[in-house]
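Before any comments, here is the structure.
If you read the sequence from its start, that first residue is 1, and numbering goes on from there.
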Amino acid sequence: MPLTEDLPAASWMIRAIEPGRIKVVGLHGGQPARRWLERSFILTPERLIDDWPVDDIGTLALPQLEVLLAAGADLILLGTGEHQRFPPPALLAPFGRQGIGCEVMGTAAACRTYNVLAAEGRAVAAALIIERWTGR
């Protein structure tokens with residue numbers, strides 16, 4: 001599903017979503033960058049972390065959330081794959097203790113929401129799980 005590209009000068013945005021991959025666009029080293037990502041990643045308007053080691057919401061653990069707690073975002077969007085699946089409440093509790101909102105939704109919905117909030121200049125981070133595509 002293609003998404004519209006409205007790229008502010010220094011922002012990472014999501015350009016397209018397909019089964020098993022997401023295309024991001026932004027500036028890297030001052031140069032325009034376009035990348036298809038096939039593994040889970042974290043995106044903020046200023047930063048792409050493309051080595052987030054989460055393949056499934058069931059494997060999510062507190063150490064993998066620490067980078068999100070340090071991202072400086074007011075709102076975290078947790079994209080849980082093709083379907084919305086909630087992690088145990090104890091995993092999300094640190095966000096509440098730090099006054100950071102956390103919304104859980106399917107990855108496609110998280111991508112759309114991220115683009116809207118990032119375009120508005122909001123302090124948002126998206127942690128997007130890309131499930132392994134089996135072709136089924």
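Of all non-hydrogen atoms in Y114 and M13, the two that sit nearest each other are CE2-CA, 4.1 Å. Minimum heavy-atom separation, L92 to C102: CD2-SG, 3.8 Å. Minimum interatomic distance between I130 and S40 (heavy atoms only, all atoms of both residues): N-OG, 3.0 Å.
For the salt bridge (charged side-chain N to carboxylate O under 4.0 Å, His left out) condition, no pair includes a residue of residues 92-108, sequence neighbours left out.
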Hey, can you pull the donor-acceptor pairs under 3.5 Å for the side chains in residues 56-81, sequence neighbours left out?
from, atom 1, to, atom 2, distance (Å)
D56, OD1, G58, N, 2.6
D56, OD1, R85, NH2, 3.4
D56, OD2, R85, NH1, 3.3
T59, OG1, D56, O, 2.8
Q64, OE1, A61, N, 2.7
Q64, NE2, P53, O, 3.1
T80, OG1, H83, O, 2.7
T80, OG1, R85, N, 3.0
T80, OG1, M105, O, 3.4

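Counting heavy atoms from C-beta outward, I22 and F41 have side chains that approach closer than 4.5 Å.
By the salt bridge (Lys or Arg N to Asp or Glu O under 4.0 Å) test, R39 is found to be paired with no residue, residues two or more places apart in sequence or in another chain being considered. Judged as a side-chain contact (heavy atoms from CB on, under 4.5 Å), and not counting sequence neighbours, the contacts of E120 are V116, L117, R122. Scanning for side-chain hydrogen bond (donor to acceptor under 3.5 Å, both in side chains) contacts around R47 gives an empty result, with sequence neighbours left out.
With respect to W52, the side chain to side chain contact (heavy atoms under 4.5 Å, CB included) criterion is satisfied by exactly one of D50, V54, D55: V54.
The distance from atom CG of L37 to atom CG of D51, rounded to the nearest 0.5 Å, is 11.0 Å. Taking CD of E82 as the start and CD1 of I129 as the end, the distance is 13.0 Å to the nearest 0.5 Å.
Side-chain heavy atoms closer than 4.5 Å link hydrophobic residues (I, L, V, M, F, W, Y) into clusters, and following such links, even through other members, never connects L128 to I42. Hydrophobic clustering places I17 together with V24 (ILVMFWY residues linked when any side-chain heavy atoms are closer than 4.5 Å, directly or through intermediates).
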